[in-house]
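Naming convention: chains lettered A, B, ... in sequence-line order (proteins, then strands); numbering from 1 in each chain.
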Amino acid sequence: MAESYHCVSSSSPSISEDVSRTSSEKEKQTVEKNQRSYNAAVNSDPIFAGLNEEQKQAVETLKGPLLILAGAGSGKTRTITHRIANLISQGVPAWQILAVTFTNKAAKELKERIARILQIAIGHDPTKSGGQLPLSGTFHSICVRILRRDIEAIGRNKTFVIYDSDDQEKLMQSVLKDMKIAPEELKPKTAIGHVSAWKSEAVSVDQARKAAATYTYQRMAEIYGNYQKKLREANALDFDDLLLETVRLFTECPQILERYQNTWRFIHVDEYQDTNRVQYQLISLLAKRDRNLCVIGDPDQSIYAFRGADIRNILEFKTEYKDAVSIKLERNYRSTQQVLDAADGVIAANPSRPEKKMWTDRKNGMKVKLEEVIDERREAEEAIRGVLERKKTGTALKDQVILYRTNAQSRQFEEACLRAGLPYRILGGMKFYARREVKDVLAYLYAILNPNDTLSLLRIINVPSRKIGNTTLTHLQNFCNQRNISLWNVMKHIEMVDELNDGVKNRISAFVDLLQELKTLSETAVVSSIAERVIVSTGLEKWVRDQTDEGETRWENILELLSVTKKYDALPPQESLMSFLEEVALISEVDKLNDQTTDALTLMTLHLCKGLEFSSVTIVGCEEGILPHSASQLDQSQLEEERRLLYVGMTRAKDFLSLMHASSRTLWGSVQSNARSRFLDDIPQNVLEVKSDMLDSKFGWLQDSRPSRPSEGYRKSTVKPFIQQNDDFNQDTDDSFLEHVEEELAEGMRIGHKMLGEGFVMSRSGDIIEVRFDSGQTKRLAIGIAPIRILATTNS
DNA sequence: CCCGCTTACGTTTTT
DNA sequence: CGTAAGCGGG
């Protein structure tokens, strides 16, 4: 946030003036010559040290359009950071450089690495005063900055709020309700899907109307129109709008576009294969004049077509920019040859991809393990057993990952981890900022900043309960709709609503007074004081802490939120509230991977793993119907994307890769037998080590590893229990968790679990107990396996 | 207002 | 089969 474009109007002479202006050929040659001699002089320069030829070329090519096809593990981030450092070392002011990424995490990493290389290369510490870093951010965060500054030029209010998907859904609900479309007929989610698809392809409401050939599409276009109208009335922008409105701003106000073109003379876009139509337009506009556009990506890692990413943006870059320099980074610094060969086998089968073959000098790797197991339970046990084995031979848990196609698959692995007492973290669960209590507090802050944010008003009007119920709200909303007045304005003049009785009117006035009081406070106070006052004057604490354990958790979440607000206290009062809300709106899931303090196995979907690397990767569920997913099997392009998804997963592996598939799997209550994934057939045999449970000579045909009766614990099954390894693994753990508790454990007892905390035993059948933990979650655990101990034998 | 039962649904997801 | 959301009863 610090390095904004307050320098927009600055025009101090600099090298970049020379480098960036389109100029005569002669001038151009001079620049290039200077560059070469400069490079020669500083060959020991840390900016170029350790780079391979292609990377060097990319780092040296500063002018004009540049396409970097960077394969997995080819040192992509390294190349961008060194290129940016090179620009700066040659005199381009940092504020003229823009780097666009897809996630906050990537933006942050880029920032840190640029700072580091600048420190080494030119001994300047950009974090200290005087120094400056290039702007690096996500498409959305950059658009928010632009809009906060200039959106009034296209007739909208600067204080807009950003709607997340929850808000979108609520808004769509009300749109459909107004149009008298029942949820059974059209679900809000489906409607949002259509609208968002239009918006990510930059189709306007009018265009959608015109193009609508059928009644269904006509009506969908009307829904789109009404949805946009409501957004505008609420002074809100959804995520798609952030991009769309910026494009509209640039198109309708060329002078504003020019100002930004003057600012950002050197543009970098990472993960270019994942850009959608609007993002493409945005970049085209910004780069149109100076054409110093560097895009980096890998068509083989395009896995987001389903949400509007258009792979053509990267494939056709050279058609779009005829003079583009194109560089391929094919040397892989991450994986062994075995991993690369396997991955290449899979991806090479995709048609119409640019010729690209990754290579490495890490020839002596382990073979890729391909393992068939009997069912999903056994799959989880085998996967965890493998993880434990590698942990023993020195691969820390945090260097290992299990990847699956769908979130629903995670449960088996989570349970297997719990049974084994293995620390794990799952990515992609409930997001902190999506929790109800957190959203409630945020809604107060949004409403304070912008009382026309009707959605936030509705969210908090009866939280905590003010006895303003549904009937009253329906009256109010009807009143608003009929007269086209915002809810806030109606509530401010509640006396004009005849239908309501005096009691309700008084309660509404009290609420209005409360908000206005808070609003006054917000003019002089920083966000943390405002938030604290919200909690105190609404009595939210008492409301949230309802004497249940869940209530305590909710309260802790609110305290956590309060501690986040404190980070914004250094800013001037109004700015503090605004910056906080802005960052919160655009934040992604709390970055669990950055928490490296605990050594834990990571579990996540294949989609989430892009950009990461692990020493050991286990990809499970490599079966027809799962990977490729059944919903993608009939469509050629979707099938290709599924293949890329597997490719992305495989190329995360540095040292060891394991692929698993189960010969039968219980899905939605029925047992399926899935053929192994067609993608596996494309892996060269010579890098594979194939293992199958099904024909294991020691055991013969294995039985289903699920116990046939609850009383037969896993330990009695014919399957060699991976869990016995547990004691070796748990050397460093608290022995009291390994008490022999089999016999006495019974319903009603209070137990402690090594990872899940404390809870009560709800029931016991055989060696399986069901425990309700104080955290609110209920888990089934295997006695003698789960790391539990008895705390009390009675309920008291 | 909350709990418990019924019902519907079941790719992938950042911002 | 499991979960989440919605609805109806206490």
Side-chain angles (χ1 to χ4, degrees), chain A residues 100-107 137-144 162-169 173 183-184 187-190 192-193 196 199-200 237-244 246 271 274-276 278-279 302-309 376-377 403-412 415 427-431 433-434 462-465 467 469-470 543 546 548 550-551 582-589 591 604-611 621 625-633 635 638-639 641-642 644-646 648-649 665-672 706 777-778 780:
Chain A
V100 189
T101 61
F102 266 80
T103 62
N104 289 310
K105 184 170 174 262
T138 63
F139 272 104
H140 293 85
S141 73
I142 288 164
C143 287
V144 170
I162 302 165
Y163 274 10
D164 68 12
S165 34
D166 272 7
D167 305 326
Q168 278 184 299
E169 200 174 328
Q173 261 166 17
E184 307 85 71
K187 275 171 285 171
K189 271 208 183 98
T190 317
I192 287 176
S196 181
K199 291 172 83 166
S200 65
L237 274 71
D238 66 15
F239 289 128
D240 296 319
D241 279 343
L242 294 176
L243 307 170
L244 272 173
T246 310
E271 306 280 11
D274 284 334
T275 49
N276 65 26
V278 186
Q279 288 161 336
S302 162
I303 53 174
Y304 286 115
F306 72 90
R307 64 176 201 213
E376 73 276 9
R377 178 172 191 115
L403 301 172
Y404 35 80
R405 175 65 177 84
T406 67
N407 281 312
Q409 288 167 263
S410 69
R411 223 189 80 238
Q412 289 295 334
E415 286 175 3
L427 265 63
M430 178 69 164
K431 290 165 186 139
Y433 288 100
N462 210 27
V463 175
S465 172
K467 303 221 165 75
N470 267 331
W543 164 261
D546 56 359
T548 66
E550 292 93 334
E582 207 142 88
E583 293 219 349
V584 159
L586 296 177
I587 213 156
S588 63
E589 183 178 7
D591 194 5
M604 65 177 135
T605 63
L606 283 160
H607 280 91
L608 285 177
C609 77
K610 196 163 71 158
I626 294 184
L627 182 63
H629 195 271
S630 52
S632 302
Q633 273 171 324
D635 180 291
Q638 287 186 59
L639 215 48
E641 183 150 310
E642 296 280 317
R644 291 194 290 268
L645 196 52
L646 177 58
V648 167
R665 178 179 294 274
T666 309
L667 210 59
W668 302 342
S670 62
V671 181
Q672 297 185 353
R706 279 168 301 187
Q777 57 184 334
T778 308
R780 275 198 300 245

Indicate whether any N or O donor in one side chain lies under 3.5 Å from an N or O acceptor in the other, for A:Q409 and A:T406.
->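 Short answer, yes.
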Among side-chain atoms of A:D240 and A:S196, is any donor-acceptor pair under 3.5 angstrom?
->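 On atom types as modelled, these side chains qualify, holding a pair under 3.5 Å.
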Can you sort out the partners of A:Y163 under ring-ring contact (aromatic ring centres under 6.0 Å, His included), two or more places apart, ordered by chain and number?
->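 By the ring-ring contact (aromatic ring centres under 6.0 Å, His included) rule, A:Y163 matches no residue at all.
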Does the ring of A:H607 meet both stacking tests against the six-membered base ring of B:dT12: centre distance under 5.5 Å and plane angle under 30°?
-> no
Report yes if the ring of A:F239 lies under 5.5 Å from the six-membered base ring of B:dT14 with planes under 30°, and no otherwise.
-> no
Whole angstrom is fine here: how far is it from [atom1] in [X] over to [atom2] in [N]?
{"X": "A:K189", "N": "B:dT11", "atom1": "NZ", "atom2": "P", "result": "12 Å"}
{"X": "A:Y163", "N": "B:dT14", "atom1": "OH", "atom2": "P", "result": "22 Å"}
{"X": "A:L646", "N": "B:dT12", "atom1": "CG", "atom2": "P", "result": "17 Å"}
{"X": "A:E641", "N": "B:dT13", "atom1": "CD", "atom2": "P", "result": "12 Å"}
{"X": "A:L667", "N": "B:dC9", "atom1": "CG", "atom2": "C1'", "result": "13 Å"}
{"X": "A:E415", "N": "C:dC1", "atom1": "CD", "atom2": "P", "result": "15 Å"}
{"X": "A:E376", "N": "C:dC1", "atom1": "CD", "atom2": "P", "result": "12 Å"}
{"X": "A:Y304", "N": "B:dT14", "atom1": "OH", "atom2": "P", "result": "6 Å"}

Closest to the 5' end of DNA chain B, once A:K187 and A:D240 are matched to their nearest nucleotides, is A:K187
Nearest-nucleotide 5' precedence on DNA chain B, A:Q638 against A:S165 | A:Q638
Which nucleotide in C:dT3, B:dT11, B:dT12 has an atom nearest any side-chain atom of A:R411 | C:dT3
Taking the six-membered ring for Trp and the full ring for Phe, Tyr or His, determine whether the centres of A:H607 and A:Y404 are under 6.0 Å apart.
->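 No, they do not, as the ring centres are separated by 6.0 Å or more.
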Write down the distance separating the C1' atoms in B:dT12 and C:dA5, rounded off to the nearest Å.
-> 22 Å
Using the C1' atom in both, what is the distance from C:dG2 to B:dT13, to the nearest Å?
->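 After rounding to an integer number of Å, I get 22 Å for this pair.
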Any Lys/Arg nitrogen of A:K199 or A:D238 sitting under 4.0 Å from an Asp/Glu carboxylate oxygen of the other?
-> yes
Is the shortest side-chain N/O distance from A:N407 to OP1 or OP2 of B:dG10 below 4.0 Å?
-> no
B:dT11 phosphate, OP1 or OP2, under 4.0 Å from A:S632 side-chain N/O |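 No, because none of the side-chain N or O atoms of A:S632 sits under 4.0 Å from OP1 or OP2 of B:dT11.
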How would you label the contact of A:Q168 with the nucleic acid (heavy atoms, under 4.0 Å): base, sugar-phosphate, or nothing?
-> nothing
Describe the nucleic acid contact of A:F102 in one word from base, sugar-phosphate, nothing, applying a heavy-atom distance below 4.0 Å.
-> sugar-phosphate
